[in-house]
Participant: 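I have a structure here, written as structure tokens, and I will follow up with some questions on it.
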2 protein chains.
Amino acid sequence: MTRKQTSEWSAACRSFIEAGGHTTQLFGLGRILGQLYGLLYLSPRPLCLDEMVHELKVSKASVSTTVRQLERWTAVKKVWVRGDRRDFYEAETDFNLLLKQGVLATLRKKLETAGVQIAKVETALQAAHANGSRNPDSEIIVARLKKAKQFHGQIQGLLGNPLIEHLL
Amino acid sequence: MTRKQTSEWSAACRSFIEAGGHTTQLFGLGRILGQLYGLLYLSPRPLCLDEMVHELKVSKASVSTTVRQLERWTAVKKVWVRGDRRDFYEAETDFNLLLKQGVLATLRKKLETAGVQIAKVETALQAAHANGSRNPDSEIIVARLKKAKQFHGQIQGLLGNPLIEHLL
DNA sequence: AACTGTATTCAGTTTTCACTGAACGATTTT
DNA sequence: AAAATCGTTCAGTGAAAACTGAATACAGTT
């Protein structure tokens, strides 16, 4: 990537990087995220910011923020290069690790906030009940909320299940 | 919902519906999607479009498109009401079924298109190789692409794994 | 201390996307 | 056949998100 290379090879690499961008965009993450990870994934050596800027033809600001986002997800890590004060990054190539620490972790967090929402509704419901309010459909509503809560707990348990980690 | 009811109960329902909107928004899906499903989920009887419009205070266009989106995910289904030519919808209350047929199915589809991307890169890579192009980093690139492809296959297998369905 | 090379932040711009209003088409009722 | 009732489609709007250029901050060098 950093050296000049035959057009065929670089074409294949560009194709991979572009595919990465498409994929992340497909999942609602940005375009650059996938491109950047793809670039680092194929690179045989760590790259500094300006190299990434040059390869992807995007602004330095985008690279700076996106690479740190990838770092938070443990998808890339910063590496030291002796005698160079620039920041170099390389990709974490273990996808399984990445899936566990990155994707599943954020999924759990979102599930958590969803649980908070359910809890809120529960208090509202208890308030209605304690208040002596009567409603012909009360049983149905209570039952369905209960079911929703159970499902939430089930999914949380599933994501915490060591079996999942074992499958990866 | 359709009948008048005490303020406490409707407050709890509105809270649930709002929570649904928050949750779907959290996952990158629209706000209305979650609200609409929440409304139908709590409703003891099927609702027609105008009832949903009235409850959620959104446009009929939004309800029309969103409810069909939910239908594609088998999250709701259209039901016939005798002597009424309007379309009525009710929620699928089995979350497990919903997860399998809805979420996992779309996930598989996205994985599929990602696989197409990888295949494209592979042909580009073979072209480079057949062309006799030389590159010092070729082994690394080939190896990493292979690894990526393996991972893709692994995930596809995991989503097709009957064990997953069993866990739900 | 001034300067150079680096990364980060921030205000502004472009793009994307959920959502709407109004027009349309289809079907039923008068 | 005219009117009424529904559902869908489509161009447009507003807001949020992605992305950029320029300013800033920071560390090392002269």
Side-chain angles (χ1 to χ4, degrees), chain A residues 2 17-18 20-40 46-73 75-90 106 110, chain B residues 2 17-18 20-40 46-73 75-90 106 110:
Chain A
T2 51
I17 291 168
E18 202 179 323
H22 278 159
T23 302
T24 49
Q25 214 164 20
L26 194 66
F27 281 89
L29 314 164
R31 179 184 102 254
I32 297 182
L33 193 88
Q35 291 183 341
L36 191 53
Y37 179 77
L39 174 63
L40 289 170
L47 302 180
C48 70
L49 280 199
D50 282 321
E51 286 171 317
M52 308 185 213
V53 168
H54 178 254
E55 291 296 333
L56 298 185
K57 317 286 189 202
V58 295
S59 73
K60 202 168 182 177
S62 292
V63 173
S64 176
T65 57
T66 305
V67 80
R68 272 176 298 158
Q69 186 178 351
L70 284 171
E71 200 183 14
R72 277 198 302 275
W73 293 356
V76 305
K77 57 184 173 188
K78 201 183 288 190
V79 298
W80 274 101
V81 172
R82 141 138 194 169
D84 201 324
R85 38 190 266 272
R86 291 176 294 180
D87 293 349
F88 286 81
Y89 291 90
E90 70 180 7
T106 60
K110 298 206 171 189
Chain B
T2 50
I17 291 167
E18 202 179 323
H22 277 157
T23 302
T24 49
Q25 214 164 21
L26 193 66
F27 281 89
L29 314 163
R31 179 185 99 253
I32 296 184
L33 193 89
Q35 291 182 343
L36 191 53
Y37 180 77
L39 174 63
L40 288 170
L47 301 180
C48 71
L49 279 199
D50 282 321
E51 286 172 317
M52 307 183 212
V53 168
H54 178 255
E55 291 296 331
L56 298 184
K57 315 287 188 202
V58 295
S59 74
K60 202 167 182 177
S62 292
V63 172
S64 176
T65 56
T66 306
V67 81
R68 272 176 297 160
Q69 186 178 352
L70 284 171
E71 200 182 15
R72 277 199 303 276
W73 292 357
V76 305
K77 57 184 173 188
K78 201 184 288 191
V79 297
W80 276 100
V81 171
R82 143 142 193 167
D84 201 323
R85 59 193 192 80
R86 291 175 294 180
D87 295 346
F88 285 81
Y89 291 90
E90 69 179 7
T106 60
K110 298 205 171 188

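So that the names make sense, note that chain A is the first sequence line, chain B the second, and so on, each numbered from 1.
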Participant: Tell me if a side-chain donor or acceptor on B:Thr66 pairs with a main-chain N or O of B:Val63 at a distance below 3.5 Å.
Facilitator: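 Checking the backbone N and O of B:Val63 against the side chain of B:Thr66, no donor-acceptor pair under 3.5 Å is found.
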Participant: Which whole-number value in Å describes the distance from B:Arg85 CZ to C:dT27 P?
Facilitator: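 Roughly 10 Å, once rounded to whole Å.
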Participant: Measure from CZ on A:Phe27 to C1' on C:dC17 and round the result to the nearest Å.
Facilitator: 19 Å
Participant: Between A:Asp87 and B:Ser62, which residue's closest nucleotide on DNA chain C lies nearer the 5′ terminus?
Facilitator: A:Asp87
Participant: Specify the separation, in whole Å, of atom CZ of B:Arg31 and atom P of D:dA17.
Facilitator: 14 Å
Participant: A:Arg68 side chain N/O closer than 4.0 Å to the phosphate oxygens (OP1, OP2) of C:dT9?
Facilitator: yes
Participant: It should be established whether B:Ser59 places a side-chain nitrogen or oxygen under 4.0 Å from OP1 or OP2 of nucleotide C:dT20.
Facilitator: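 Yes, because at least one side-chain N or O of B:Ser59 sits under 4.0 Å from OP1 or OP2 of C:dT20.
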Participant: Separation of B:Lys60 atom NZ from C:dG25 atom P, in whole Å?
Facilitator: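 Rounded to the whole Å, the gap is 17 Å.
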Participant: Taking only N and O in the side chain of A:Ser64, is any of them less than 4.0 Å away from OP1 or OP2 of C:dT8?
Facilitator: yes
Participant: In whole angstrom, give the distance that lies between atom CG of A:Leu49 and atom P of C:dT9.
Facilitator: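 One finds 12 Å between P of C:dT9 and CG of A:Leu49, rounded.
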Participant: Please answer whether the main-chain N or O of A:Leu26 pairs with a side-chain N or O of B:Lys110 as donor and acceptor at a distance below 3.5 Å.
Facilitator: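 A pair under 3.5 Å: yes.
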Participant: Is there a donor-acceptor pair closer than 3.5 Å between any side-chain N or O of A:Glu51 and the backbone N or O of A:Cys48?
Facilitator: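 Pair found, side chain donor or acceptor close to backbone of A:Cys48.
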Participant: Between C1' on D:dT8 and CZ on B:Arg86, what's the gap in Å once rounded to a whole number?
Facilitator: 17 Å
Participant: Taking NZ from A:Lys57 and P from D:dT20, how many angstroms apart are they, rounded to a whole number?
Facilitator: 13 Å
Participant: Of B:Val79, B:Val76, B:Leu36, B:Leu40, which is the lone residue that meets side-chain contact (heavy atoms from CB on, under 4.5 Å) with B:Leu47?
Facilitator: B:Leu40
Participant: Rounded to whole angstrom units, what separation is found between the CD1 atom of A:Ile32 and the P atom of D:dA18?
Facilitator: 10 Å
